[in-house]
Number of protein chains: 2
Amino acid sequence: MGTSKKNLFTPEQNRIAELAKALGHPARIAILQHLFSVNACICNDLVEELPLSQSTISQHLKALKNVGLIQGSIEGKSICYCVDQDTWKEAKSILNSL
Amino acid sequence: MGTSKKNLFTPEQNRIAELAKALGHPARIAILQHLFSVNACICNDLVEELPLSQSTISQHLKALKNVGLIQGSIEGKSICYCVDQDTWKEAKSILNSL
DNA sequence: AATTAATATCGTAAAATTACGATGATAAAA
DNA sequence: TTTTATCATCGTAATTTTACGATATTAATT
């Protein structure tokens with residue numbers, strides 16, 4: 001039981017669900033909002049911004065990165081994150097055309 | 001652990017996440033797509049349309065109804081479901097204005 | 001070379017999700 | 001009134017998510 005049945009749905013349905021799922025947590029919404037407002041920031045800024053531990057935030061960042069909603073680039077000893085505009089457009093257009 | 005921290009985020013962030021979460025499963029995307037294409041249908045149509053059991057589909061319908069994305073109205077011994085256009089507009093505008 | 005700072009990952013526990021069959025509830029039909 | 005059809009809910013098991021502390025990892029700094 002509880003086994004996922006991805007194979008029973010179309011790639012489009014799975015992709016939409018995947019993107020929506022990544023947006024389906026307030027912490028990840030907060031992360032995206034912050035990234036939109038400051039354009040880009042390092043992980044540590046988010047740790048100070050959000051009431052969650054560093055490891056938890058790192059996990060949320062990974063979830064967003066896995067579906068392509070954000071990108072991370074090495075910046076000295078930090079990692080600079082920003083919204084991936086292409087994927088963001090994809091998410092919006094998918095929802096609008098549904 | 002694993003305790004949800006809804007109280008640490010704004011109502012807006014929670015609402016966005018709640019809506020996105022409801023969209024975060026391919027079966028629920030399939031349900032919405034079907035509802036959009038036929039305008040309205042009874043639960044049983046979805047049971048025949050989707051490769052999932054009746055109880056599972058009923059659960060998914062409940063999830064969509066709980067966040068207001070769909071409405072159900074009694075139609076004899078069936079229940080007729082349709083997309084709630086207001087909530088749907090809310091979802092789209094929220095994403096577009098994020 | 002040792003220290004510090006910034007992230008990621010591991011291990012783990014609690015909670016939530018997902019799926020199904022079985023059972024209830026309700027209204028039409030016989 | 002019994003049966004049938006439609007849908008919801010309950011109980012349950014497997015899976016996934018969420019959160020944290022502890023522990024790597026890596027690069028700048030001292």
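Everything numeric here is computed off the predicted structure, so don't read it as measured data.
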Distance check: side-chain N/O of [X] vs OP1/OP2 of [N], anything under 4.0 Å?
X       : N      : result
A/Lys62 : C/dT7  : no
B/Lys21 : C/dT17 : yes
A/Asn44 : C/dT7  : yes
B/His60 : C/dA19 : yes
A/Thr56 : D/dA19 : no
A/His25 : D/dA19 : yes
B/Tyr81 : D/dT6  : no

Length of the [atom1]-[atom2] vector between [X] and [N], whole Å:
X       : N      : atom1 : atom2 : value
B/Gln71 : D/dC7  : CD    : C1'   : 18 Å
A/Glu49 : C/dA6  : CD    : P     : 16 Å
A/Ile42 : D/dA27 : CD1   : P     : 16 Å
A/Leu61 : D/dA19 : CG    : C1'   : 15 Å
B/Glu18 : C/dA16 : CD    : P     : 14 Å
B/Ile79 : C/dA25 : CD1   : P     : 15 Å
A/Asn66 : D/dT18 : CG    : P     : 12 Å
A/Glu75 : C/dA8  : CD    : P     : 14 Å

Are the side chain of B/Arg28 and the backbone of B/Ala22 linked by a donor-acceptor contact shorter than 3.5 Å?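 Side chain of B/Arg28 to backbone of B/Ala22, a donor-acceptor pair under 3.5 Å: yes, one is there.
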Tell me whether A/Ser58 contacts the main-chain N or O of A/Gln54 through its side chain, where contact means a donor paired with an acceptor under 3.5 Å.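 Here the side-chain-to-backbone pair does not exist.
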Let's test your reading of the model: under 3.5 Å, does the base of D/dA19 pair with the side chain of A/Gln59 as donor and acceptor? yes
Do A/Gln54 side-chain and C/dA6 base share a donor-acceptor contact under 3.5 Å? no
A/Leu61 versus A/Ile31, closest heavy-atom pair with distance: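 In terms of heavy atoms, the two residues are closest at CD2-CG2, 3.9 Å.
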Here the pair of heavy atoms bringing A/Cys41 nearest to A/Leu46 is SG-CG, 3.9 Å
Students often get this wrong, so: under 4.0 angstrom with heavy atoms, is [X] touching a base, only sugar-phosphate, or nothing?
X       : result
B/Ile74 : nothing
B/Ile57 : nothing
A/Ser78 : sugar-phosphate

Closer to the 5' end of DNA chain C via nearest nucleotide, is it A/Lys65 or B/Gly76? A/Lys65
Atom OH in B/Tyr81, atom CG in B/Leu64: separation rounded to 0.5 Å?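 Reported value, rounded in 0.5 Å steps: 9.5 Å.
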Classify the angle between the aromatic ring planes of B/Phe9 and A/His25 as parallel (below 30°), tilted (30 to 60°) or perpendicular (above 60°).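 B/Phe9 and A/His25: perpendicular rings.
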Of the nucleotides D/dC7, C/dA29, C/dA19, which has the atom closest to the B/Lys77 side chain? C/dA29
